[in-house]
**Q** 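Attaching a single structure in structure tokens format; questions to follow.
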2 protein chains.
Amino acid sequence: MAEAKPEKKNDRVTIREVAEDAGVSVAAVSKVLREAYGVSESLRNRVRASMNKLNYRPPASARGMRGQTYTLGPVLPDIRNPFFADILAGVNSALERTQYQLMMGTSHSQGPAEEALVEAMIDRQMDGIIMIGTTEYMDRLGNIAKQKPLVTIGHHAETSQLFDTVNNDDQLGARLVVKHLLANGFRNIAMLSSASTTSTILAERELGYRREMIENGVGENINIIRAPQTLR
Amino acid sequence: MAEAKPEKKNDRVTIREVAEDAGVSVAAVSKVLREAYGVSESLRNRVRASMNKLNYRPPASARGMRGQTYTLGPVLPDIRNPFFADILAGVNSALERTQYQLMMGTSHSQGPAEEALVEAMIDRQMDGIIMIGTTEYMDRLGNIAKQKPLVTIGHHAETSQLFDTVNNDDQLGARLVVKHLLANGFRNIAMLSSASTTSTILAERELGYRREMIENGVGENINIIRAPQTLR
DNA sequence: CTGAAAGCGCTTACAG
DNA sequence: CTGAAAGCGCTTACAG
């Protein structure tokens, strides 16, 4: 199936053409693209001008082969939950001025299993996975984190009465997601918790989290954030 | 930022290792992977056995460089709309036994603009774009279709009273989406319509659709599907 | 600060 | 039916 029928050679502009236009090397263009250090401002400006002029846009698959895809993958168990939409909005706003984009997957109902979805994202070289309201066990999460930067949000579903509160947590969480993934995002799992001190359940969860992290050799990355629970 | 800190070489199994294990060429493995013709059953079996044994999974970015990424990108204006969730479920079920996965984007609220999202998907070598409830104009849609196989669902939002009916349309639509994209999916746009004959609005839309398709040189791909409107 | 060359892991003609 | 080799468009050491 899928016999290619290229009625029109879709010749995208390549980095090489940009390099020629700007009169620099391909490596130089790559550096500007990655906002890497060690590039003079004049070179950078010249390259950027050529990029705009030629309307250059880098293909993620070529970049992904050796570098990053600039794609983050949120996986949601249920797309309809307004709680999740709020989280995504938060993440999106934090991503606004970056090259990153969210390409999300949902494992609800007839969709793929959560595990299959995560694998698909790993196969697609996502730079990071964001699991929202996951029901996976800690050992499985640890396993994922070994392959890709992972952040969990709202780990273990809260009861529906808590949605408002959880939303508050996740405005903060969204920031953290991005901070972690963009900055030194390898093998870190942050766990969002709440400031509620009456909950022994939370204590248990955190304990389990710590243990698993340590057992998975990423104990130094343990990071539990406690957000205050405001009513409303 | 994002200095790589590869605490553990993430050495995925490559096609080359599979080839060695199976005692065949790399090209042969690639053929099995793509389910291409011209491969003996014995070779195929041997390769599949090695794939399982080594737990091989092909990286989308490597495949995407010359071939496909096996990823379809649904674009939603509003993630909370239950109507959209149903559509996605339908598409997912049609995709079940394939290598394809959905990685969706939402342009709602603080998210990226619909246009930016589509560009991001094109940049990420999605094999096809599925625009659900889009508000883009026809010329813009034609422009997208020139770059990637495109299917629109629920073009021009229906009023909310029609959700049930529209859902019915889209169970069918989901099938069509897949059929189009997988089969000969280049530069096709199918438009889903309804069997309602009292609506002059529909007639107008279809007319506009036809015209735009023709003006964009893809008139031979015009495809309007009329699904019966059942109550319930 | 800048560039030439190798390499990422596939797919794609092209031979055989 | 099977395989060797080139090539996709970037990024990454390595020189200069």
Side-chain angles (χ1 to χ4, degrees), chain A residues 1-6 9-47 50-51 54 56-71 99 122-125 127, chain B residues 1-6 9-47 50-51 54 56-71 99 122-125 127:
Chain A
M1 66 183 95
E3 284 305 315
K5 171 173 57 163
K9 261 289 190 190
N10 195 0
D11 21 57
R12 283 175 73 110
V13 178
T14 73
I15 203 180
R16 161 184 278 278
E17 299 174 58
V18 173
E20 278 168 6
D21 185 84
V24 300
S25 75
V26 162
V29 177
S30 173
K31 263 175 205 136
V32 174
L33 213 52
R34 286 173 292 136
E35 285 157 17
Y37 292 105
V39 188
S40 73
E41 202 176 304
S42 89
L43 186 150
R44 178 167 38 233
N45 288 337
R46 223 160 355 127
V47 170
S50 295
M51 283 179 170
L54 302 176
Y56 171 75
R57 298 222 314 280
S61 42
R63 308 187 79 175
M65 281 215 60
R66 294 184 69 62
Q68 312 179 210
T69 56
Y70 298 89
T71 310
Q99 301 185 59
I122 293 174
D123 291 346
R124 281 158 183 76
Q125 279 70 51
D127 293 335
Chain B
M1 68 182 95
E3 284 305 315
K5 171 173 59 164
K9 261 288 193 192
N10 195 358
D11 21 56
R12 282 176 73 112
V13 177
T14 74
I15 204 179
R16 162 184 276 277
E17 298 173 59
V18 173
E20 278 167 7
D21 186 84
V24 300
S25 74
V26 161
V29 177
S30 173
K31 263 175 204 138
V32 173
L33 213 52
R34 286 172 292 136
E35 286 158 16
Y37 292 105
V39 187
S40 73
E41 202 176 306
S42 90
L43 186 150
R44 177 166 40 232
N45 288 339
R46 224 160 354 127
V47 170
S50 295
M51 283 179 169
L54 303 177
Y56 171 75
R57 297 219 316 276
S61 42
R63 308 187 79 176
M65 282 214 62
R66 294 183 71 62
Q68 313 179 208
T69 56
Y70 298 90
T71 310
Q99 301 185 60
I122 293 174
D123 291 346
R124 281 159 183 74
Q125 280 70 50
D127 293 335

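Below, all heavy atoms of this structure are taken into account, side chains as well, without hydrogens, waters or symmetry copies. Residue numbering restarts at 1 for every chain, and letters A, B, ... go by the order of the sequence lines.
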**Q** Below the 4.0 Å mark, does dT12(C) have OP1 or OP2 next to a side-chain nitrogen or oxygen of R34(B)?
**A** yes
**Q** Report the distance from atom CZ of R57(B) to atom C1' of dC10(C), rounded to the nearest whole Å.
**A** 16 Å
**Q** Given 3.5 Å as the limit, does a donor-acceptor pair link the side chain of T69(B) with the main chain of Q125(B), or not?
**A** yes
**Q** With a 4.0 Å limit, can you tell me whether R63(A) has a side-chain N or O closer than that to the phosphate oxygens OP1/OP2 of dT11(D)?
**A** yes
**Q** Represent DNA chain C in dot-bracket notation, 5' to 3'. Only Watson-Crick or G-U wobble pairs with both distances under 3.5 Å count; pseudoknot-style crossings use [ ] and interstrand partners use |.
**A** |||.||||||||.|||
**Q** Under a 4.0 Å threshold between the charged nitrogen and the carboxylate oxygen, would D21(A) count as salt-bridged to R16(A)?
**A** no
**Q** Does A27(B) reach a base, just sugar-phosphate, or nothing at all? Heavy atoms under 4.0 Å.
**A** base
**Q** Is the phosphate of dC10(D) approached by Y70(A) (side-chain N or O, under 4.0 Å from OP1 or OP2)?
**A** no
**Q** If the cut-off is 4.0 Å, is S30(A) near the phosphate of dC10(D), judged by side-chain N/O to OP1 or OP2?
**A** no
**Q** Is the shortest side-chain N/O distance from S40(A) to OP1 or OP2 of dT2(C) below 4.0 Å?
**A** yes
**Q** Measure from CZ on R16(A) to P on dT11(D) and round the result to the nearest Å.
**A** 15 Å
**Q** How is V26(A) classified with respect to the nucleic acid when contacts are heavy atoms under 4.0 Å: base, sugar-phosphate, or nothing?
**A** base
**Q** How do R44(B) and V29(A) order along DNA chain D: which one's closest nucleotide is nearer the 5' end?
**A** R44(B)
